[in-house]
Enquirer: 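Okay, handing you the structure first.
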Amino acid sequence: MSVWEATGRANSNLAFIKYWGNADNSWRLPLNGSISMTLGGLFTETHLAFSDTFEVDAASINGHPAGEGELARISSYLDFIRAVADVRFPARIVSINNFPARVGVGSSASAFAAIAVAADAALDLGLSERELSSLARVGSGSAARSIPGGFVEWHQGTSHDTSFAETIAPADHWALTDVIAIVSHDPKRVGSSEGHLTSGTSVLQAARVRTASDRLARCREALDHKDFCSLAEVSELDSNILHSVMMTSVPPLIYWLPSTIAVMQDVIKWRSEGIEVFYSVDAGANVHCVCGPGYGDEIATRLERKKYVVAVATAHLGGPAMVTSSKHSTAARFTK
C-alpha cells in the first residue's frame with residue numbers, strides 16, 4: 001500500500017472590495033479584482049490522502065460525510081489537481097472548520113485553500129504562493145485570497161496563470177480587528193457559486209463591475225495610509241452595492257435578515273459616536289464589524305449585549321495558508 005498525505009490549514013478572509021460574478025465560470029476568473037484581510041484564528045484544517053488502494057474519493061466535513069453535491073464539487077477539484085500532478089489516485093479528505101460553515105463567513109475560501117496547500121505537499125508539486133493561489137481559485141474563487149496572509153489583493157487576470165492573489169501589506173501593517181456578529185447559524189439556502197451564475201441578471205451588475213477599479217484604488221490608498229474613515233466609506237459602499245446586485249438578480253437573493261440590518265444600523269450609530277468601526281456583509285446574513293486598533297473588545301462587548309446577536313467571533317490579521325504535516329509512505333516520489 002502506498003499513501004501520500006498531508007494536512008493543510010488556511011484562514012478565512014473578509015473582502016473589503018468584493019468578488020461577485022465570473023468572466024469564466026469554469027476557471028472562476030472574476031469580473032473584477034478584490035481586496036481582503038486574512039482572518040487569523042478562523043480556519044479550516046484539512047487532511048488529504050491519496051492512495052493506490054482507495055477505490056473512490058471520500059470526504060468528511062466537520063465530522064459528517066460530505067453530501068452528494070459537496071463530494072461532487074470536491075472530486076471535480078481533485079480531478080483538476082490530479083491533472084496538474086499527472087496522477088490518478090483517489091483521495092480521502094477529513095476537513096474541520098473552527099467556525100460556522102455556509103453562513104457568509106468564508107468557509108469555502110478557507111476550505112479550498114487548505115486542500116490546495118495539502119495537495120501541494122502530498123503530491124510534492126513545489127508550487128509557489130502565486131501558483132497556489134491560482135490553484136485554490138479553481139476550487140472556490142475567494143480561496144485565492146486565503147493563500148497569502150495579511151492584507152491581500154486578488155488580481156482579476158485574464159487567464160489561469162494571471163488571476164492570483166498576493167499580500168499587499170503584512171499582517172502587522174495595521175492592527176484591525178474583525179468582530180463578526182452571528183445573527184443566524186442557519187446555512188444559506190443559495191450558495192455563492194449559484195449566486196455568481198445569476199449575477200449578470202441584475203441591471204446593476206454592469207455598473208458594479210465598471211466602477212470596481214475606482215473602489216479598489218480608494219481601498220489600496222486607505223490601507224496604505226491607514227485611513228480608517230476612507231476604508232470605512234469605500235468598504236460599506238462596496239458591501240451595499242454587492243447586496244443591491246443580489247437583491248435585483250433573477251431570482252432575487254436576499255441574504256439580509258432584520259437582525260442584519262439592526263447590526264448595520266448599530267455600527268453606523270457607534271461610528272457617529274467616534275468609535276472606529278464599519279460593517280461589511282458577504283453572501284449571508286452575518287455582519288463583519290471591522291474595528292480600528294483598540295476598539296475590538298468594546299464592539300464585541302456591545303454586540304454580545306444585543307438580543308438579536310446569537311454569537312460573536314473575533315479575528316485579527318492572519319498569516320498565509322500552511323502545511324501542518326506531510327508524510328509519504330515510500331522514500332521515493334510516487335509512481336505516476
Enquirer: Using the rule that two of Ile, Leu, Val, Met, Phe, Trp, Tyr join whenever any of their side-chain heavy atoms come within less than 4.5 Å, decide whether F43 and I61 are in one cluster.
Expert: no
Enquirer: Please report the shortest heavy-atom distance between S140 and S108, naming the atom on each side.
Expert: OG-CB, 3.6 Å
Enquirer: Compare all side-chain heavy atoms of S184 with those of L257 and state whether any distance is below 4.5 angstrom.
Expert: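 A side-chain contact under 4.5 Å exists here.
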Enquirer: Linking I/L/V/M/F/W/Y whenever their side-chain heavy atoms sit closer than 4.5 Å, directly or via other members, would V281 and M246 fall into one cluster?
Expert: no
Enquirer: Apply side-chain contact (heavy atoms from CB on, under 4.5 Å) to the pair V277 and V179, showing each step before the final yes or no.
Expert: CA-CA 9 Å; V277 60; V179 181; over 6 Å; no
Enquirer: Count the heavy atoms of every other residue, nucleotide or ligand shown that sit under 6.0 Å from CD of E221, and state whether that count exceeds 12.
Expert: no
Enquirer: Hey, are the side chains of Y279 and V263 touching, using non-hydrogen atoms and a 4.5 Å cut-off?
Expert: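 A side-chain contact under 4.5 Å is absent here.
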Enquirer: Can you establish whether the number of heavy atoms outside E55 located under 6.0 Å from its atom CD is more than 12?
Expert: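 Check fails, neighbour count at 12 or below.
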Enquirer: Taking it one step at a time, do H173 and L317 satisfy side-chain contact (heavy atoms from CB on, under 4.5 Å)?
Expert: CA-CA 9 Å; H173 170 68; L317 266 294; over 6 Å; no
Enquirer: Counting distance only, does the side-chain N/O of E45 pair as donor-acceptor with the main-chain N or O of R9 below 3.5 Å?
Expert: no
Enquirer: Are any of the side-chain heavy atoms of L123 and V84 separated by less than 4.5 Å?
Expert: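 SC-SC contact between L123 and V84 ruled out.
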Enquirer: Between L39 and A315, what is the shortest heavy-atom contact and its length?
Expert: CB-CB, 3.8 Å
Enquirer: Nearest 0.5 Å, please: how far is CG in N22 from CZ in R28?
Expert: 7.0 Å
Enquirer: Say you draw a straight line from CD of E131 to NE2 of H160; how long is it, rounded to the nearest 0.5 Å?
Expert: 8.5 Å
Enquirer: Report the residue from R215, R218, K18 that forms a salt bridge (charged side-chain N to carboxylate O under 4.0 Å, His left out) with D238.
Expert: R215
Enquirer: Please examine the side chains of L176 and P293, heavy atoms only from C-beta on, and report whether any two atoms are closer than 4.5 Å.
Expert: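 The answer is yes; the side chains approach within 4.5 Å.
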Enquirer: Would you find a donor on one side and an acceptor on the other, under 3.5 Å apart, between the side chain of S133 and the backbone of E129?
Expert: no
Enquirer: Distance-only, no hydrogens or angles: does the T324 side chain make a donor-acceptor pair with backbone N or O of G8 under 3.5 Å?
Expert: no
Enquirer: Considering all heavy atoms of both residues, which atom of G21 and which atom of Y19 are nearest to each other, and what is their separation?
Expert: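 Looking at all heavy atoms of both residues, the shortest contact is O-CE1, 3.6 Å.
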Enquirer: Can the ring centres of F89 and W4 be said to be less than 6.0 Å apart?
Expert: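 F89 vs W4: aromatic centres under 6.0 Å.
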Enquirer: Could you give the distance from CG (L242) to OG (S202), rounded to the nearest 0.5 Å?
Expert: 10.0 Å
Enquirer: Between R73 and G139, is there a donor-acceptor pair closer than 3.5 Å when you use the side chain of the first and the backbone of the second?
Expert: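 It does hold such a pair.
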Enquirer: Is it the case that one hydrophobic cluster holds both M37 and I35, taking links as side-chain heavy atoms less than 4.5 Å apart, direct or via other members?
Expert: yes
Enquirer: On the 0 to 90° scale, with breaks at 30° and 60°, tag the W174-F151 ring pair as parallel, tilted or perpendicular.
Expert: tilted
Enquirer: Within the 3.5 Å criterion, strictly below it, is a donor on S12 or S110 matched to an acceptor on the partner's side chain?
Expert: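 No, no side-chain donor-acceptor pair sits under 3.5 Å.
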Enquirer: Going by heavy atoms in the side chains, are F50 and V3 under 4.5 Å from each other?
Expert: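 F50 does not reach V3 side chain to side chain.
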Enquirer: Find out whether V152 and N13 are in side-chain contact, i.e. whether some heavy atom of one side chain is under 4.5 Å from a heavy atom of the other.
Expert: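 Counting from C-beta outward, V152 and N13 never come under 4.5 Å.
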Enquirer: Does S239 use its side chain to pair, donor to acceptor, with the backbone of E236 at less than 3.5 Å?
Expert: no
Enquirer: Supply the atom-to-atom distance C229 SG to R271 CZ, rounded to the nearest 0.5 angstrom.
Expert: 8.0 Å
Enquirer: State, yes or no, whether a side-chain contact exists between L78 and L48 at a heavy-atom distance under 4.5 Å.
Expert: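 When only atoms from C-beta onward are counted, L48 and L78 do touch, with a gap below 4.5 Å.
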Enquirer: Can you give me the closest heavy-atom contact between F164 and D161, atom names plus distance?
Expert: CD2-O, 4.0 Å
Enquirer: State whether the side chain of S249 and the backbone N or O of V245 hold a donor-acceptor pair below 3.5 Å, judged by distance alone.
Expert: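 Judged by distance alone, yes, a pair lies under 3.5 Å.
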Enquirer: Run the side chain to side chain donor-acceptor pair (under 3.5 Å) check on T201 and T198 step by step: do they pass?
Expert: CA-CA 6 Å; T201 64; T198 62; 4.9 Å; no
Enquirer: I'd like to know if L216 and V290 are part of one continuous hydrophobic network [Ile/Leu/Val/Met/Phe/Trp/Tyr, side-chain heavy atoms within less than 4.5 Å].
Expert: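 Yes, same cluster.
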Enquirer: Look at the rings of H243 and Y255 and say which category their plane angle falls in: under 30° parallel, 30 to 60° tilted, over 60° perpendicular.
Expert: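 Aromatic pair H243/Y255 classed perpendicular.
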Enquirer: Pair I241, L204 - check side-chain contact (heavy atoms from CB on, under 4.5 Å), show working.
Expert: CA-CA 8 Å; I241 292 173; L204 303 180; over 6 Å; no
Enquirer: Rounded to the nearest 0.5 Å, how far does OG1 of T314 lie from CG of D297?
Expert: 7.5 Å
Enquirer: If we ignore hydrogens and angles and just use 3.5 Å, is the side chain of T44 paired with the main-chain N or O of A10 as donor and acceptor?
Expert: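 A pair under 3.5 Å: no.
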Enquirer: Run the side chain to side chain donor-acceptor pair (under 3.5 Å) check on D57 and S75 step by step: do they pass?
Expert: CA-CA 7 Å; D57 292 333; S75 288; 3.0 Å; yes
Enquirer: Let me see the working for D120 and L135 under side-chain contact (heavy atoms from CB on, under 4.5 Å), right down to the final yes or no.
Expert: CA-CA 10 Å; D120 177 56; L135 181 66; 5.5 Å; no
Enquirer: What are the two closest heavy atoms between G318 and A171, and how far apart are they?
Expert: O-CB, 3.9 Å
Enquirer: Measure up the W20 and H196 rings against each other and bin them: parallel (under 30°), tilted (30 to 60°), perpendicular (over 60°).
Expert: tilted
Enquirer: Heavy-atom count around R220 CZ within 6.0 Å, excluding the residue itself: above 12?
Expert: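 Yes, CZ of R220 has more than 12 neighbouring heavy atoms, counting only those of other groups under 6.0 Å.
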Enquirer: Could you tell me whether a side-chain N or O of Q156 sits under 3.5 Å from a main-chain N or O of L31, the two making a donor and an acceptor?
Expert: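 Yes, Q156 side chain to L31 backbone: donor-acceptor pair under 3.5 Å.
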Enquirer: Looking at S146 and A143, would you say the former's side chain and the latter's main chain have a donor-acceptor pair under 3.5 Å?
Expert: no
Enquirer: Is it the case that one hydrophobic cluster holds both I275 and L231, taking links as side-chain heavy atoms less than 4.5 Å apart, direct or via other members?
Expert: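 No; L231 is not reachable from I275 via cluster members.
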Enquirer: Between R137 (side chain only) and S163 (backbone N and O only), is there a donor and an acceptor less than 3.5 Å apart?
Expert: yes
Enquirer: Counting only heavy atoms not in N98 (residues, nucleotides, ligands), do more than 12 fall under 6.0 Å from its CG?
Expert: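 Counting neighbours around CG of N98, more than 12 heavy atoms of other residues, nucleotides or ligands fall under 6.0 Å, so yes.
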Enquirer: When rounded to the nearest 0.5 angstrom, what distance separates CD in E194 from CG in L253?
Expert: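 Interatomic distance, E194 CD to L253 CG, rounded to 0.5 Å: 9.0 Å.
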Enquirer: Provide the closest heavy-atom pair for A121 versus V323 in the form atom of the first, atom of the second, distance.
Expert: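 Distance-wise, the nearest heavy atoms are CB-CG2, 3.7 Å.
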Enquirer: Is there side-chain contact between Y308 and D266, with at least one heavy-atom pair below 4.5 Å?
Expert: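 In contact.
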